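Letters A, B, ... are given to chains in the order of the sequence lines, protein chains preceding strands, and every chain is numbered from 1. Quick caveat: nothing in here was measured; it's all calculated off a predicted structure.
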Amino acid sequence: MKLPIYLDYQATTPVDPRVLEAMLPYFTSQFGNAASRSHAFGWEAESAIEKAREQIGALIGASAKEIVFTSGSTEGINLALKGVAEMYAEKGKHIITSQAEHKAVLDTCKHLEKRGYEVTYLQPDKTGRVSVDAVAAALRPDTILVALMWANNEVGTLNPVREIGELCHAKGVLFFTDGTQAVGKVPVDVEADHVDLLCVSAHKLYGPKGVGALYVRRKNPRVRLVAQMDGGGHERGMRSGTLNVPGIVGLGKACELARAELVEESKRTTALRDRLERKITAALDFVHLNGNREHRLPNCLNLSFAFVEGESLIMGINKLAVSSGSACTSASLEPSHVLRSMAVGDDLAHSSIRFGVGRFTTDEEVDFAAEQVIAAVKRLRELSPLYEMAQEGIDIKTVNWQASNH
Amino acid sequence: MAYSNKVLDHYNNPRNVGSLDKGAQNVGTGVVGAPECGDVMKLQIQVEGDRIVDAKFKTFGCGSAIASSSLATEWLKGKTIDEAMQIKNTQIVEELALPPVKIHCSVLAEDAIKSAIADYKKKQGAGQP
C-alpha cells in the first residue's frame, strides 16, 4: 500500500492509463490543428475531435452536435450563465440558483448582479438538496434561467434534476446544471432529465486537467448563447480558440470508459464509501453525516466529528489526502459555504472532513484510513475542552461563549 | 499549509494536557473562543503564593491553536502572576513562526492566560474577609 492514500476524488482524479494511451499520439505524430481544412494533419485531428464529441454525447444522452469544448467546468459555467443572460436579456433578467452551488456559479451570478441581473439564491434543505417546490415558488415571469448543480462537490447530495428540468420546460425557462461531479458517477440523460445546458470536466472522471465540455441543447428548445471568447469562430461560434486535441481525445475516452463501467464502478465505490463510514461509526460516537443519505454520489462521504476541529484532524491523519470544510484550510477563515447553507451549525462545519473514493481505491486503503481517523479523533478529543464538557453533560449550545474579536 | 517544526512538535507532543480542579481556591480557569469560530481554549493555572506551579490546557482548534496553548502552559509554569501578565501574543507568533492567517491563535492564547489569571484573582478577592 502506497502512502499517502488519495481520498480526494471530488477534487480531482488521476488520468486512467487507458485515457493517457489514447491521448499520446495527439501530442506528437498526430499534432494537427483541427481547424486546418487543407491537409491530412487537420483532417486527422478533426476526426479525433468528432469521435470525442460522440463519446461525450453518448454518456449524457446528447447528440455530438450539442457538445462545445471548453477548458473545464469553470469556463463552461461562465459561458452558460453569462452567455444565456446576455442572449435572453430582453426576455428577462432573473436567474435562480442555490447557496450550495460551486463558487464558479456563485461568483458568476455576483458578476451578473453587478450588470443589472437579479439572482435568487435558494437555501437548500439540511441535506443540501433544493426541492422542485422551492424552484417553482421562486419562478417569475422574467426568469430566464435556473442554474442548479446535479451533485454537490462537498457533500455529494444529488438535486432532483429531472423534476426541476420538467418544471423548467413546462414554464419555458432554461435549465443549466453543473454536472462536474455527477457525470460518469450517476446516470445522466439530458433528454429524459430535461436539461438544456450541462457542463463536464475531464479531470473529475479520470481524464486530463484543463479540458471540459458544455452541452448546449439544439432543439426543444434551441438554446442560444452569446460567446464569451471571441476569435476564429470555433465550436459553432460559441467558443473560439484552437481546440486542445489531446485533451479532448482524453475527455472522450474517459467518457467512453465511464459509460461502459458506470454501473459496476458505482456499486464498487458505494461499497467502499459505506465500508469507511461503517468502520468509523462503529468505533466513534458523535459522528454526523453531512449530506443526503439516500440521494448522494456513490463515492462521497462527508462526516463531521463533533468536538474536533477539521484542520487539526487533517494534521493528525497526514497519511491520508482528504479535504475539510473547516475554515482553517481556506484563506478566508470562514467555514464551508455549503455546510453553512445547509445550516448544520458552524461548530459542525468546522469539524467536517470529505472522503472521496474512486476507481483506484482499495478495501485495504479504506480500512487503513478508518484506523487513522479513529485514532486521530480519539486523541484530539482527549485534547478537546468541548468533548470534556459533553461528557460532563454540558450542552455546548447553551454556553455563553466569549469569542475574541477575530 | 506548511507548519513550522515547532507547531508540529507541540501538535504531536502537546505539553500539559489535562484539567485541574476548577473548584479549587488556588486554581484559575480561562475558557476563550467559541465552537462556531472553530477554536475554544481552556487554560488553567495553579498558584502557590505568587507563583504558578502548574498549568494545564485543552484546546479545540487547528494545529496552531493547539500549539499556541501548549506553548503558553510551558511558559506559565514557574512564572509569577505579574510575569505571566507580560506574555504577549507576538512572542508566541515568533516562537512558533505562525503565518499571518494564524495570528488569531496566538491572540486567543494570550486571552486565555489573562482570563485564567483574572479568574484566579477573582477567587482570591472573594476569599478575603
Decide yes or no on side chain to side chain contact (heavy atoms under 4.5 Å, CB included) for A:Leu383 and B:Thr59, but give the supporting numbers first. CA-CA 6 Å; A:Leu383 266 174; B:Thr59 289; 6.0 Å; no
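In terms of heavy-atom proximity, B:Val7 sits nearest to A:Met315 at CG1-CE, 4.4 Å. For the pair B:Pro35 and A:His350, the tightest heavy-atom approach, listed with the atom from each and the gap, is O-CD2, 3.7 Å. Minimum heavy-atom separation, B:Lys42 to A:Pro385: CB-CB, 3.9 Å.
For B:Val40, the parts lying near chain A are the backbone and the side chain together; criterion is any non-hydrogen pair under 4.5 Å.
The distance from atom CZ of B:Phe60 to atom CE of A:Met389, rounded to the nearest 0.5 Å, is 12.0 Å. Here OH of B:Tyr11 is found 8.0 Å from CG of A:Asn318. Values are rounded to the nearest 0.5 Å. Taking CZ of A:Arg379 as the reference point, atom CG of B:Asn12 lies at 6.0 Å (rounded to 0.5 Å). Distance SG/B:Cys62 to CD1/A:Ile314: 11.5 Å, rounded to 0.5 Å.
No more than 12 heavy atoms of other residues, nucleotides or ligands shown are found within 6.0 angstrom of CD on B:Glu94.
Between A:Arg340 and B:Glu36 no salt bridge is recorded (no basic side-chain N to carboxylate O distance below 4.0 Å). Between B:Lys22 and A:Glu388 there is no salt bridge, since no side-chain N of the basic residue sits under 4.0 Å from a carboxylate O of the acidic one.
The residue among A:Val399, A:Leu313, A:Asp346, A:Leu348 with the most heavy atom pairs within less than 4.5 Å of chain B is A:Asp346.
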